[in-house]
K.L.:
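Quick one: structure below, then a few questions.
Residue numbers start from 1 in every chain, and the chains themselves are labelled A, B, ... in the order their sequence lines are given, proteins ahead of strands. Source: prediction; values computed, not measured.
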Amino acid sequence: MAITELPKNYDAASAEKDIYRRWEESGYFNPDNLPRQDGDPFTIMMPPPNVTGVLHAGHAMFLTIQDIFIRHARMQGKRTLWLPGTDHAAIATQAKVEKEISKKEKKSRHDLGREELLRRVNEFALASQSTILSQMRAMGSSCDWSRLAYTLDETRSRAVNEAFKRLHGLGLIYRGHRIVNWDPKGQTTISDDEIVYQEEKTTFYYFRYGPFVIGTARPETKFGDKYVVVHPDDPRYAQYAHGQKLTVEWINGPIEATVIKDNAIDMEFGTGAMTITPWHSTADFDIAERHGLDKEQIIDERGKLLDIAGEFTGMKIAEARPKIVEKLRAKGLVVKEEEYVHQIATAERTGGIVEPQIKLQWFIAVNQPFTLEQSAIPGIASGQEITLKQLMQHVVRDGHIRIVPDRFANNYFHWIDNLRDWCISRQIWFGHRVPVWYRGDELAAGDEPSGDGWTQDPDTLDTWFSSGLWTFSTLGWPDETPDLRTFHPTDVMETAYEILFFWVARMILMTGALLGDVPFRTVYLHGLVRDEKRAKLSKSKSDSADPLDLIGQYGTDALRMALIFNTSPGTDSILSNEKIKGMKHFANKLWNIARYVLANVPSMDSGAGTPDPATDADRAILAKLDETVGAMSEDLEAFRIHEAAQRVYQFAWHEFADIYLEASKSQLDDIATAGSTRNILAYCLDRMLRLLHPFMPFVTEELWGRIHGTDDPAKLLMVQSWPAASR
RNA sequence: GCGCCCUUAGCUCAGUGGUAGAGCACUGCAUUCACAUUGCAGGUGUCGCAGGUUCAAAUCCUGCAGGGCGCACCA
């Protein structure tokens with residue numbers, strides 16, 4: 001090959017589109033089409049991005065890391081499946097579309113009706129999805145588009161209904177009146193994990209309550225408080241007996257109060273006495289449950305006071321609070337006021353201040369023993385009784401699932417320790433409808449029953465319910481498909497550490513309960529990508545770097561390398577233009593290495609073995625190459641992709657180009673060494689292209705094609721073998 | 001309150017028992033010869049502080065200081 005055929009510089013933009021097309025047309029993204037069918041399967045389920053948005057740096061990060069794992073496995077001869085998909089992201093998507101409709105048409109979802117809103121949301125979701133999919137391609141993602149899944153498509157809906165039915169049958173899903181997190185803004189319940197705590201400065205009031213002084217930051221909930229709770233060992237209140245009744249003057253006149261003694265009281269806090277509002281506080285609810293106390297609703301679903309508030313009925317909390325305090329002050333019941341800082345619960349998606357409410361909802365019971373009929377998990381026998389909590393703890397504690405970096409296992413266990421039953425029903429319209437039908441006293445779960453008079457539950461399921469099934473719903477479950485047999489459990493779950501609880505833990509829960517297995521062997525967690533000002537990169541910030549712009553400016557390979565270079569798993573990283581630029585230079589360096597080698601080596605044989613060295617420089621570079629191959633392979637097996645990337649970078653630029661390539665110039669002039677030098681140049685280039693391919697797939701494939709031709713798909717670099725170290 | 005992490009060259013960060021590393025930035029020199037998206041040569045550092053273990057500690061242990069995060073929470 002003559003040098004004139006290779007331009008002086010690598011032009012990423014002109015190479016990338018054509019190369020992706022060749023990869024896609026080769027069919028090799030689909031494991032069924034790979035040249036070798038005898039390898040072990042290797043599977044990654046892509047974390048499905050929300051259909052709400054466009055690609056941001058976080059997506060670029062996971063697409064890069066997963067593609068590295070996938071391309072490496074494919075070159076190792078494994079039957080490699082990377083299954084892509086998108087998530088309907090129920091609350092997030094509906095909220096976005098509702099907001100748009102409200103802004104443009106001044107209409108609410110109730111003006112449109114359920115059917116019309118869903119039509120609009122689905123329309124938006126589809127359009128958004130196609131954008132995201134094209135952006136994934138731009139990142140070079142070698143995923144199997146023929147198996148593309150969507151959490152709300154027909155196959156996944158079947159899986160959801162079947163999962164609900166089975167869990168219900170096992171007694172793990174129940175319906176009950178329990179205290180839940182109510183988002184007055186989104187008009188729906190949310191799970192504990194969808195809460196974000198925010199610091200709030202407020203006033204802490206001390207009120208006279210008969211002979212007691214009680215403290216509160218929420219006077220507006222106090223109307224119904226007819227129980228005063230103290231610690232059984234508190235000497236200050238020893239004179240009052242549990243169950244003793246007293247008449248006390250309160251907000252709207254005298255009421256009968258009952259003394260309750262309970263260990264949950266912190267004697268050190270406030271006065272050591274408090275009144276409870278079981279309808280609007282989890283802790284109070286638990287106390288009321290223990291003693292069989294009455295519960296009464298004070299605040300409605302829109303955050304307004306109910307009839308019990310008397311003259312304050314219908315007022316919003318913010319309006320009522322100062323007025324209530326004023327009235328108590330006038331009655332001489334305010335003892336003192338303090339500045340107070342506490343954390344208030346807000347809804348992650350809407351920002352609404354969460355109001356606990358007792359509601360009839362669907363839950364997954366995490367402490368309920370059930371019989372796991374079929375278990376493939378070591379240490380758990382088929383037919384064994386176990387709780388979901390125990391199951392989730394077991395698989396990680398006993399190493400059946402490995403978390404990388406392992407320090408996140410602590411977070412995982414801590415989360416499980418604090419885990420309460422998971423509220424899975426939502427009062428929004430977009431999502432999987434709760435698959436339950438009612439008729440009279442009858443209830444049918446899972447499939448729509450035949451016959452008249454059945455009505456379906458109006459609620460939808462938490463989006464993480466369907467996401468939790470992802471590793472096997474994507475493979476056709478509940479059918480016993482060949483895919484399910486071959487590719488499950490998956491090998492690696494690669495995602496951001498932010499969603500360890502939201503998603504990773506839920507997959508472990510669902511897979512354990514429904515398949516008696518683990519969803520994956522390894523969880524690899526990456527950190528957040530921040531910009532140079534340390535702000536978290538997200539789609540909501542228009543000024544932050546758009547991956548597509550960066551690709552246009554520097555090339556996909558440069559962006560990929562910059563994302564993972566010098567970045568350790570689980571640690572947040574900063575993506576700077578300087579770093580990407582440096583990696584663009586590296587791509588160009590590789591290009592020119594190839595340009596030099598091709599100019600000096602008449603033919604390249606990719607099947608040639610290790611060439612014989614003739615000089616010290618020959619021996620040194622071959623030894624270094626061998627060392628690099630061995631160390632990189634170990635790094636990749638151990639998920640140290642940042643180390644592997646640095647090694648190959650170091651070898652290509654500073655060992656091969658700076659040292660050997662310079663030495664080769666005089667060696668090529670000497671007839672005694674010219675032959676072996678050519679062989680070594682060719683050999684090193686061949687190995688470097690292979691080693692770099694998972695990291696920089698485009699430039700390596702482009703060069704490979706220039707060397708070996710582009711006529712035969714079987715000659716694509718993506719399906720060539722990963723180099724083996726000689727020792 | 002419980003738990004986790006970070007503190008290394010000007011900046012951003014790797015490294016986690018055996019004489020300190022990368023990228024970018026910086027200084028000087030070179031340059032028709034693969035590449036200026038370059039090369040060579042250079043400062044680049046009490047590896048947060050104080051103890052301890054060890055023949056040997058940036059690396060392990062203890063304490064302290066500063067920064068960040070997760071979970072929970074007291075009305």
K.L.:
Please list, for nucleotides 20-27 of chain B, all pairs of protein and nucleotide N/O atoms separated by less than 3.5 Å.
P.N.:
{"unit_1": "A22(B)", "atom_1": "N3", "unit_2": "Asn566(A)", "atom_2": "ND2", "d": "3.0"}
{"unit_1": "G23(B)", "atom_1": "OP1", "unit_2": "His654(A)", "atom_2": "NE2", "d": "3.2"}

K.L.:
Calculate the interatomic distance between Tyr412(A) atom OH and C5(B) atom P; express it in whole Å.
P.N.:
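Whole-Å distance recorded here is 19 Å.
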K.L.:
Using modelled atom types only, decide if a donor and an acceptor are shared between the side chain of Lys584(A) and the backbone of Tyr554(A) within a distance under 3.5 Å.
P.N.:
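Side chain of Lys584(A) to backbone of Tyr554(A): no pair is present.
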K.L.:
Indicate, with a heavy-atom threshold strictly under 4.0 Å, whether Ile214(A) touches base, sugar-phosphate, or nothing.
P.N.:
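Contact class for Ile214(A): none.
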K.L.:
With rounding to the closest Å, how many angstrom separate the C1' atoms on G3(B) and G10(B)?
P.N.:
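Per the computed distance, 35 Å lies between those C1' atoms.
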K.L.:
Between C35(B), C71(B), C5(B), which nucleotide gets closest to the side-chain atoms of Asn418(A)?
P.N.:
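It is C71(B).
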K.L.:
Going by atom types alone, do Thr615(A) and Asp618(A) pair a side-chain donor with an acceptor below 3.5 Å?
P.N.:
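Indeed, the side chains of Thr615(A) and Asp618(A) share at least one donor-acceptor pair under 3.5 Å.
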K.L.:
Reading RNA chain B from 5' onward, which residue's closest nucleotide shows up sooner: Asp192(A) or Asp572(A)?
P.N.:
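It is Asp572(A), whose closest nucleotide lies nearer the 5' terminus.
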K.L.:
Do we get Lys295(A) above Phe285(A)'s six-membered ring, with its NZ or CZ under 6.0 Å from the centre and within 45° of the axis?
P.N.:
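So Lys295(A) does make the cation-pi contact.
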K.L.:
Does this structure show an ion pair linking Glu634(A) with Arg647(A), if we count only N-O contacts that are shorter than 4.0 Å?
P.N.:
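Not counted as a salt bridge, because no side-chain N and carboxylate O are separated by less than 4.0 Å.
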K.L.:
Between Tyr205(A) and Phe207(A), does the ring centroid distance fall short of 6.0 Å?
P.N.:
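Yes: the rings meet the under 6.0 Å criterion.
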K.L.:
Consider the side chain of Gln343(A), meaning its heavy atoms from C-beta on, and name the nucleotide among A72(B), A34(B), A14(B) that approaches it most closely.
P.N.:
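The answer is A72(B).
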K.L.:
Once you round it to whole Å, what is the distance between P of C5(B) and CZ of Arg407(A)?
P.N.:
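Spelled out: CZ on Arg407(A) to P on C5(B) is 7 Å.
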K.L.:
Does a nitrogen or oxygen in the side chain of Ser568(A) sit under 4.0 Å from OP1 or OP2 of A14(B)?
P.N.:
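Answer yes for this pair, as a side-chain N or O of Ser568(A) is under 4.0 Å from OP1 or OP2.
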K.L.:
What I want to find out is whether Arg218(A) reaches Glu355(A) closely enough, with some N-O distance under 4.0 Å, to be called a salt bridge.
P.N.:
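Salt bridge: yes.
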K.L.:
Determine the interatomic distance between P on U7(B) and the same-named atom on A75(B); round to the nearest Å.
P.N.:
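Looking at atom P only, U7(B) and A75(B) are 36 Å apart.
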K.L.:
Kindly say if Tyr197(A) contacts the phosphate of C73(B), meaning a side-chain N or O under 4.0 Å from OP1 or OP2.
P.N.:
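So the side-chain polar atoms of Tyr197(A) do come within 4.0 Å of the phosphate oxygens OP1 or OP2 of C73(B), strictly under.
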K.L.:
How far does the P atom of C11(B) sit from the matching atom of U62(B), given to the nearest Å?
P.N.:
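Per the computed distance, 30 Å lies between those P atoms.
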K.L.:
Given pairs defined as Watson-Crick or G-U wobble with both distances under 3.5 Å, what dot-bracket annotation applies to RNA chain B, with ( ) intrastrand, [ ] crossing, | other strand and . unpaired?
P.N.:
(((((((..((((....[..)))).(((((.......))))).....(((((..]....))))))))))))....
K.L.:
How would you label the contact of Ala594(A) with the nucleic acid (heavy atoms, under 4.0 Å): base, sugar-phosphate, or nothing?
P.N.:
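No contact.
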K.L.:
Write down the distance between CD (Gln553(A)) and P (U37(B)), rounded to a whole number of angstrom.
P.N.:
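These atoms are roughly 15 Å apart.
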K.L.:
Say you pick atom C1' in A14(B) and the same atom in G51(B); how far apart are they, in whole Å?
P.N.:
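To the nearest whole Å, 28 Å.
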K.L.:
So if I take every side-chain heavy atom of His414(A) and compare against A75(B), A34(B), C71(B), which nucleotide ends up nearest?
P.N.:
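The closest nucleotide is C71(B).
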K.L.:
Checking Tyr412(A) side chain against Met392(A) main chain: does a donor-acceptor pair fall under 3.5 Å?
P.N.:
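A pair under 3.5 Å: yes.
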K.L.:
State whether the side chain of Trp591(A) and the backbone N or O of Pro7(A) hold a donor-acceptor pair below 3.5 Å, judged by distance alone.
P.N.:
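Yes, the answer is positive, given that a donor and an acceptor are paired below the 3.5 Å cut-off.
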K.L.:
Separation of Lys8(A) atom NZ from A34(B) atom C1', in whole Å?
P.N.:
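So the two atoms are 10 Å apart, to the nearest Å.
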K.L.:
Say whether, by atom type as modelled, one donor and one acceptor occur between the side chain of His231(A) and the main chain of Asp233(A) under 3.5 angstrom.
P.N.:
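Here the side-chain-to-backbone pair exists.
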K.L.:
Quote, to the nearest angstrom, the P distance that separates A65(B) from A50(B).
P.N.:
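15 Å, rounded to whole Å.
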K.L.:
Start at the 5' end of RNA chain B and walk down; is the nucleotide closest to Phe586(A) or to Thr567(A) reached first?
P.N.:
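On the 5' side of the pair lies Thr567(A).
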K.L.:
Tell me whether Asp557(A) contacts the main-chain N or O of Val699(A) through its side chain, where contact means a donor paired with an acceptor under 3.5 Å.
P.N.:
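Checked: pair present.
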K.L.:
With rounding to the closest Å, how many angstrom separate the P atoms on C24(B) and C40(B)?
P.N.:
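Straight-line distance between the two P atoms is 13 Å.
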K.L.:
Angle class for the Trp464(A)/Phe502(A) ring planes (parallel below 30°, perpendicular above 60°, tilted otherwise)?
P.N.:
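It falls in the parallel class, under 30°.
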K.L.:
Run the ring-centre check on Phe223(A) versus Phe312(A) and record whether the distance is less than 6.0 Å.
P.N.:
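Phe223(A) vs Phe312(A): aromatic centres under 6.0 Å.
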K.L.:
I'd like to know if the side chain of Gln667(A) pairs up with that of Ser664(A) as donor and acceptor (distance under 3.5 Å, no hydrogens or angles considered).
P.N.:
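Side chains of Gln667(A) and Ser664(A): no pair found under 3.5 Å.
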K.L.:
Under 4.0 Å from any atom of RNA chain B, heavy atoms only: list the residues of residues 277-295 of chain A that qualify, in numerical order.
P.N.:
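Residues of residues 277-295 of chain A that come under 4.0 Å of RNA chain B are, in numerical order, Ala283(A).
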K.L.:
Applying a 4.0 Å non-hydrogen cut-off, can you work out what Ser573(A) is touching in the nucleic acid: base, sugar-phosphate, or nothing?
P.N.:
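Here Ser573(A) touches no strand at all.
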K.L.:
Do the two ring centres, one from Phe565(A) and one from Phe695(A), sit under 6.0 Å apart?
P.N.:
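No; Phe695(A) has its ring centre 6.0 Å or more from that of Phe565(A).
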K.L.:
Tell me which nucleotide among A14(B), A75(B), C35(B) gets nearest to the side chain of Glu662(A).
P.N.:
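In terms of side-chain proximity for Glu662(A), the closest of A14(B), A75(B), C35(B) is C35(B).
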K.L.:
Heavy atoms from C-beta onward define the side chain here; which of A14(B), C13(B), C35(B) lies closest to that of Ile574(A)?
P.N.:
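For Ile574(A), the side-chain atoms sit closest to C13(B).
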K.L.:
Specify the separation, in whole Å, of atom CD1 of Ile344(A) and atom P of A72(B).
P.N.:
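Those two atoms, CD1 and P, are 16 Å apart.
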K.L.:
Roughly how far apart, to the nearest Å, are U38(B) and C49(B) at atom C1'?
P.N.:
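Straight-line distance between the two C1' atoms is 44 Å.
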K.L.:
What nucleic acid atoms does Tyr497(A) come within less than 4.0 Å of, heavy atoms only: base, sugar-phosphate, or nothing?
P.N.:
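No contact.
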K.L.:
Have a look at Ile276(A) and say if it touches a base, only the backbone sugar-phosphate, or nothing, with a 4.0 Å heavy-atom cut-off.
P.N.:
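It contacts nothing in the nucleic acid.
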K.L.:
Could you work out the separation of A72(B) and G17(B) based on their C1' atoms and round it to a whole Å?
P.N.:
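Roughly 37 Å separates the two C1' atoms.
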K.L.:
What's the NE2-P distance between His642(A) and U12(B), to the nearest Å?
P.N.:
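After rounding, the reported distance stands at 19 Å.
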